[in-house]
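Here the structure comes first, spelled out in structure tokens, and everything after it is commentary.
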Amino acid sequence: MANEIPDLVCQERAGTGKGAARAARRANMVPGVVFGGDVDPLAIQIPFNELLKKLKAGRFKSTLFNLKVEGHEDVRVICRDVQRDVVKDLPTHFDLMRLRRTSKINLFIPVEFINEEECVGLKRGGVLTVVRAEVELVVTAGDIPEKLTVDLTGKAIGDVIHISDVTLPAGSKTTIDRDFVIANISAPSGLKSADDAEDEGEEAEAAEA
């Protein structure tokens, strides 16, 4: 389970419609709405700079948030849309969807590599090349894993780690339907250079022959 779901602090917005939305923007707020969960939609707003900061941090539309609105119970939500100004590309409105604990959602889960000291390839000077530092999974909202763990024990230079080598949390699956690469143990640059030089020498000898 994830240790902590980030808070998204918003304010309830008075009124709905274009006039109320324009009033929110004049107050340097971005209007939004929360829907779903068998509850009436709730008009909200968030300070423009706060939303812009979260958008620039990335993954805003694939992060599960704990929505906090004064006067209402906290609820888990995920962003379903952010509307932007067509000229300035700045946020003008956002939609959040309430989630039940049994809801299935797509989230990016970080990958942690453990037991590097037991990795044969790294001991011999190899380099861990991480292809995917996080993996998008379909998970249950009430059972979100904190991370995926890759055990490097016994891995040698040249070994490739695929998603099939990782134990996924129960009830989750990848959004990509193929056995993609997570990381590999590559040879140190000096060794690769020596190997390349040796290959070139062999090719030259073969050409002369």
Side-chain angles (χ1 to χ4, degrees), residues 1-112 132-149 168-177:
M1 287 288 294
N3 285 339
E4 191 172 324
I5 297 172
D7 288 338
L8 183 64
V9 181
C10 296
Q11 304 167 12
E12 186 170 2
R13 177 163 50 95
T16 58
K18 292 184 178 179
R22 281 196 293 268
R25 294 187 191 105
R26 283 196 297 270
N28 206 30
M29 308 291 285
V30 181
V33 65
V34 191
F35 62 91
D38 299 326
V39 182
D40 290 338
L42 175 66
I44 58 173
Q45 60 188 17
I46 188 173
F48 175 85
N49 289 337
E50 282 297 313
L51 180 58
L52 192 62
K53 182 169 65 176
K54 291 184 181 298
L55 290 172
K56 287 183 176 180
R59 306 295 190 203
F60 184 74
K61 293 178 70 174
S62 59
T63 298
L64 183 68
F65 289 104
N66 177 49
L67 178 66
K68 301 179 78 70
V69 179
E70 188 175 353
H72 296 267
E73 290 187 3
D74 292 3
V75 62
R76 290 184 175 189
V77 298
I78 193 167
C79 179
R80 276 295 170 245
D81 188 38
V82 177
Q83 298 169 25
R84 295 173 179 267
D85 183 279
V86 293
V87 177
K88 299 179 181 178
D89 195 37
L90 296 174
T92 58
H93 191 278
F94 65 105
D95 297 328
L96 302 177
M97 185 174 74
R98 301 182 185 97
L99 295 172
R100 297 185 180 90
R101 292 186 65 82
T102 55
S103 300
K104 291 288 188 179
I105 54 174
N106 293 13
L107 290 178
F108 284 88
I109 306 300
V111 179
E112 180 185 54
R132 291 178 185 266
E134 53 186 12
V135 173
E136 188 177 19
L137 297 181
V138 180
V139 298
T140 305
D143 192 24
I144 299 171
E146 180 183 0
K147 59 194 174 185
L148 298 179
T149 303
L168 297 180
S172 66
K173 64 178 182 178
T174 60
T175 59
I176 300 174
D177 191 24

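Quick caveat: nothing in here was measured; it's all calculated off a predicted structure.
- The structure places CD1 of I109 at 7.0 Å from CD1 of I144, a figure rounded to the nearest 0.5 Å.
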How far apart are the C-alpha atoms of K53 and K56, what are their side-chain angles, what is the distance that settles it, and do they pass the side chain to side chain contact (heavy atoms under 4.5 Å, CB included) test?
CA-CA 5 Å; K53 182 169 65 176; K56 287 183 176 180; 5.9 Å; no
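- Here the side chains of L55 and P91 are in contact, with some heavy-atom distance below 4.5 Å.
- Within the 3.5 Å criterion, the main-chain N or O of R101 finds no donor-acceptor partner in the side chain of R76.
- L96 places none of its side-chain heavy atoms less than 4.5 Å from the side chain of V33.
- Here the options are D74, I44, I46, the test is side chain to side chain contact (heavy atoms under 4.5 Å, CB included), and the partner is L8; only I46 passes.
- Remark: side-chain polar atoms of T63 are paired, donor with acceptor, to backbone N or O of R59 under 3.5 angstrom.
- The two residues R132 and I176 make their nearest non-hydrogen contact at NH2-CD1, 3.7 Å.
- Listed here is the closest heavy atom pair of A20 and A14: CB-O, 3.7 Å.
- Atom CG of L51 sits about 8.0 Å away from atom SG of C79, to the nearest 0.5 Å.
- Listed by first then second residue, pairs satisfying ring-ring contact (aromatic ring centres under 6.0 Å, His included) with a partner in residues 19-73 read F60-F65, not counting sequence neighbours.
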Might you work through the salt bridge (Lys or Arg N to Asp or Glu O under 4.0 Å) test for K147 and E134, ending with a clear yes or no?
CA-CA 9 Å; K147 59 194 174 185; E134 53 186 12; over 6 Å; no
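- Remark: K61 NZ to F94 CZ distance equals 13.0 Å, nearest 0.5 Å.
- If you check the side chains of Q83 and T92, you find no donor sitting under 3.5 Å from an acceptor.
- Counting heavy atoms from C-beta outward, C10 and K68 have side chains that stay 4.5 Å or more apart.
- Listed here is the closest heavy atom pair of V139 and P145: CG1-CD, 3.9 Å.
- No side-chain heavy atom of Q11 sits under 4.5 Å from any side-chain heavy atom of V69.
- Between R13 and G32, the closest heavy-atom pair is NH2-O, 2.8 Å.
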Any chance you could lay out the side chain to side chain contact (heavy atoms under 4.5 Å, CB included) test for V82 and V30, step after step, and finish with the verdict?
CA-CA 10 Å; V82 177; V30 181; over 6 Å; no
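- The number of heavy atoms from other shown groups lying within 6.0 Å of CG (D85) is above 12.
- The structure places OG of S62 at 11.5 Å from CG of L137, a figure rounded to the nearest 0.5 Å.
- Separation of atoms CG (N49) and CE (M29) is listed at 10.5 Å; rounding is to 0.5 Å.
- Of all heavy-atom pairs spanning V77 and R98, the tightest one is CG1-CA, 4.1 Å.
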Decide side chain to side chain contact (heavy atoms under 4.5 Å, CB included) for D81 and H93; before the verdict, give the C-alpha distance in whole Å, the side-chain angles of both, and the deciding distance to 0.1 Å.
CA-CA 8 Å; D81 188 38; H93 191 278; over 6 Å; no
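- Counting heavy atoms of neighbouring residues, nucleotides and ligands inside a 6.0 Å radius, atom CG of D177 does not exceed 12 of them.
- Residues R80 and D95 are not paired through a salt bridge, judged by the lack of any N-O separation under 4.0 Å between the basic side chain and the carboxylate.
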Would V75 and L99 count as a side chain to side chain contact (heavy atoms under 4.5 Å, CB included) here? Give the steps.
CA-CA 8 Å; V75 62; L99 295 172; over 6 Å; no
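- Here the closest non-hydrogen pair linking S172 and P169 is OG-O, 2.7 Å.
- To the nearest 0.5 Å, atom OG1 of residue T175 and atom CG of residue L107 are 10.5 Å apart.
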